[in-house]
Trainee: 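Starting off with a structure, shown below.
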2 protein chains.
Amino acid sequence: MQVPLYQAKAEFFRMLGHPVRIRVLELLQDGPMPVRDLLVAIEVEPSNLSQQLAVLRRSGIVTATRDGSTVVYALAGGDVAELMRAARRILTEMLAGQEGLLAQLRDAEAGSG
Amino acid sequence: MQVPLYQAKAEFFRMLGHPVRIRVLELLQDGPMPVRDLLVAIEVEPSNLSQQLAVLRRSGIVTATRDGSTVVYALAGGDVAELMRAARRILTEMLAGQEGLLAQLRDAEAGSG
DNA sequence: TCGCGAATTCACGAACTCTTCAATTACAGC
DNA sequence: GCTGTAATTGAAGAGTTCGTGAATTCGCGA
């Protein structure tokens, strides 16, 4: 592999780092979907959605196929779901940790002020 | 939750989207590690590493504790490993897919030219 | 208290990403 | 061939992130 693995991973995660792109991937987990439906589900400018879809396409995580005048997107590989689950688990842990921290801070303030 | 979930997820992935940060997280999977050792393992300017560590700290995925004159970093929650595994699996699939695509393109060129 | 090494913070220019609007391509129906 | 709709592409400005070097903080030991 020419590109170091950690750099490929970083690029992969950066590709995921956008709300619209996340929503697209989550919607596509239930099966292929035309752009029109994505556009209705995610309220965003068509050109903006297209740009984000282009990012996903370029990275290879989704595929686009034309069917008449509509374009249908689908996940290229299976297990994005598992990734999302893992992310959600960590995120939950982290938020819990931060709430704990917030509670601590609140207590500290109550104690000192 | 004030912040929509998909936005929190996007921020989370964006936080992972940097080679140095990925390497730090992978190194910390084997246990806590002082900055000095991270600095040796990841060849990068100290100030640069510090900046990336600050990003990880702010997000809450790692914790820093001072021990004398050295600072030791550790993963805040357990299962970053699983996330990385899921990412690697998808990445492998994607790269395989792209190789397949390349092969296809090569064949198409051979066929048409 | 002074100096030293470890780590962080600050500041700034370069590079990148995001959003938006206009222009363009691709197709279906007339 | 036109017209209209679906989707993409291009370009530009605003905002972010990155990397570097200088300055700063923190704690240890002489």
Side-chain angles (χ1 to χ4, degrees), chain A residues 3-4 6-25 27-28 32-76, chain B residues 3-4 6-25 27-28 31-76 101:
Chain A
V3 178
Y6 50 84
Q7 189 167 338
K9 273 192 202 164
E11 272 166 37
F12 174 71
F13 284 125
R14 214 169 48 209
M15 175 272 283
L16 295 174
H18 190 288
V20 169
R21 299 198 289 262
I22 291 285
R23 295 191 79 184
V24 168
L25 292 179
L27 287 166
L28 293 186
M33 196 176 273
V35 172
R36 195 170 349 92
D37 292 4
L38 291 171
L39 212 39
V40 171
I42 311 168
E43 293 182 12
V44 75
E45 295 280 327
S47 65
N48 194 345
L49 180 60
S50 247
Q51 303 261 24
Q52 307 311 329
L53 288 174
V55 172
L56 295 175
R57 244 184 301 127
R58 248 176 271 135
S59 84
I61 201 173
V62 304
T63 60
T65 55
R66 183 146 220 144
D67 176 18
S69 75
T70 84
V71 175
V72 177
Y73 278 81
L75 292 183
Chain B
V3 178
Y6 51 83
Q7 190 167 337
K9 274 192 202 163
E11 273 167 36
F12 174 71
F13 284 124
R14 213 169 48 211
M15 176 272 282
L16 295 174
H18 190 289
V20 169
R21 298 199 289 264
I22 292 285
R23 295 190 79 182
V24 168
L25 291 179
L27 287 166
L28 293 185
M33 197 177 272
V35 173
R36 193 169 351 91
D37 292 3
L38 291 171
L39 212 39
V40 171
I42 311 167
E43 292 181 13
V44 75
E45 295 281 326
S47 65
N48 194 345
L49 179 60
S50 247
Q51 305 252 35
Q52 307 310 331
L53 288 173
V55 172
L56 294 174
R57 245 185 300 127
R58 250 177 269 135
S59 85
I61 201 174
V62 304
T63 60
T65 55
R66 183 145 221 142
D67 177 18
S69 76
T70 84
V71 175
V72 176
Y73 278 82
L75 292 182
L101 186 64

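Numbered from 1 within each chain, the chains take letters A, B, ... in sequence-line order.
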Trainee: What is the distance, to the nearest angstrom, from the CZ atom on B:Arg14 to the C1' atom on C:dC16?
Mentor: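 Interatomic distance, CZ of B:Arg14 to C1' of C:dC16: 13 Å.
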Trainee: Decide yes or no for B:Arg57 and B:Tyr73: does some side-chain heavy atom of the first lie under 4.5 Å from some side-chain heavy atom of the second?
Mentor: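 They are in contact (side-chain heavy atoms under 4.5 Å apart), so the answer is yes.
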Trainee: Does the side chain of B:Ile42 come within less than 4.5 Å of B:Val24's, by heavy atoms?
Mentor: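 In short, these two side chains touch, coming nearer than 4.5 Å.
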Trainee: When you compare the side chain of A:Ile61 with that of A:Met15, does any pair of heavy atoms fall below 4.5 Å?
Mentor: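 Of all side-chain heavy-atom pairs linking A:Ile61 with A:Met15, at least one is under 4.5 Å.
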Trainee: Check whether any side-chain N or O of B:Arg21 sits under 3.5 Å from a backbone N or O of B:Leu53 as a donor-acceptor pair, and report yes or no.
Mentor: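 Checked: no pair found.
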Trainee: Between C:dT19, D:dC18, C:dT20, which nucleotide has the shortest distance from any of its atoms to the side chain of A:Gln52?
Mentor: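 Of all the options, the side chain of A:Gln52 is nearest to C:dT19.
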Trainee: Has B:Tyr73 got a side-chain N or O lying under 4.0 Å from the OP1 or OP2 atom of C:dA6?
Mentor: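 For C:dA6, OP1/OP2 do not have a side-chain N/O of B:Tyr73 under 4.0 Å.
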Trainee: From CZ of A:Arg21 over to P of C:dC18, roughly how many Å is that when rounded to an integer?
Mentor: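 In whole Å, C:dC18 P and A:Arg21 CZ are 5 Å from each other.
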Trainee: Taking only side-chain nitrogens and oxygens of A:Ser69, does any of them come within less than 4.0 Å of OP1 or OP2 of D:dA6?
Mentor: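 A:Ser69 to D:dA6 OP1/OP2: no side-chain N or O under 4.0 Å.
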Trainee: Starting from C1' on D:dG10, measure out to CG on A:Asn48 and report it in whole angstrom.
Mentor: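 It works out to 15 Å between those atoms.
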Trainee: Describe the nucleic acid contact of A:Thr70 in one word from base, sugar-phosphate, nothing, applying a heavy-atom distance below 4.0 Å.
Mentor: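 The answer is sugar-phosphate, as A:Thr70 gets under 4.0 Å only of primed atoms, P, OP1 or OP2.
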Trainee: Between A:Val44 and B:Pro34, name the one whose nearest nucleotide on DNA chain C is closer to the 5' end.
Mentor: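 Mapping each residue to its closest nucleotide by heavy atoms, the 5'-most match is B:Pro34.
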Trainee: To the nearest Å, give me how far apart NE2 (A:His18) and P (D:dG15) are.
Mentor: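 One finds 16 Å between P of D:dG15 and NE2 of A:His18, rounded.
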Trainee: Whole angstroms only, please: what is the CG-C1' distance between B:Leu56 and D:dC18?
Mentor: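 Going from B:Leu56 (CG) to D:dC18 (C1'), I get 15 Å.
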Trainee: Between P on C:dA11 and CD on B:Gln51, what's the gap in Å once rounded to a whole number?
Mentor: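 About 12 Å, once rounded to whole Å.
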Trainee: A:Asp67 has an atom CG; how far is it from atom P of C:dC27, in whole Å?
Mentor: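 Taking CG of A:Asp67 and P of C:dC27, I get 11 Å after rounding.
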Trainee: If I compare all heavy atoms of B:Val71 with all of B:Ala64, which pair ends up nearest, and what's the gap?
Mentor: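 Closest pair (atom of B:Val71, atom of B:Ala64, distance): CG1-CB, 3.9 Å.
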Trainee: Starting at atom CD of B:Glu45, determine the distance to atom C1' of C:dT9, rounded to an integer number of angstrom.
Mentor: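 So the CD-C1' distance, B:Glu45 to C:dT9, works out to 15 Å.
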Trainee: Using a 4.0 Å heavy-atom cut-off, does A:Ser47 contact any base of the nucleic acid, only the sugar-phosphate backbone, or nothing at all?
Mentor: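 Counting heavy atoms under 4.0 Å across all strands, the contact made by A:Ser47 includes a base.
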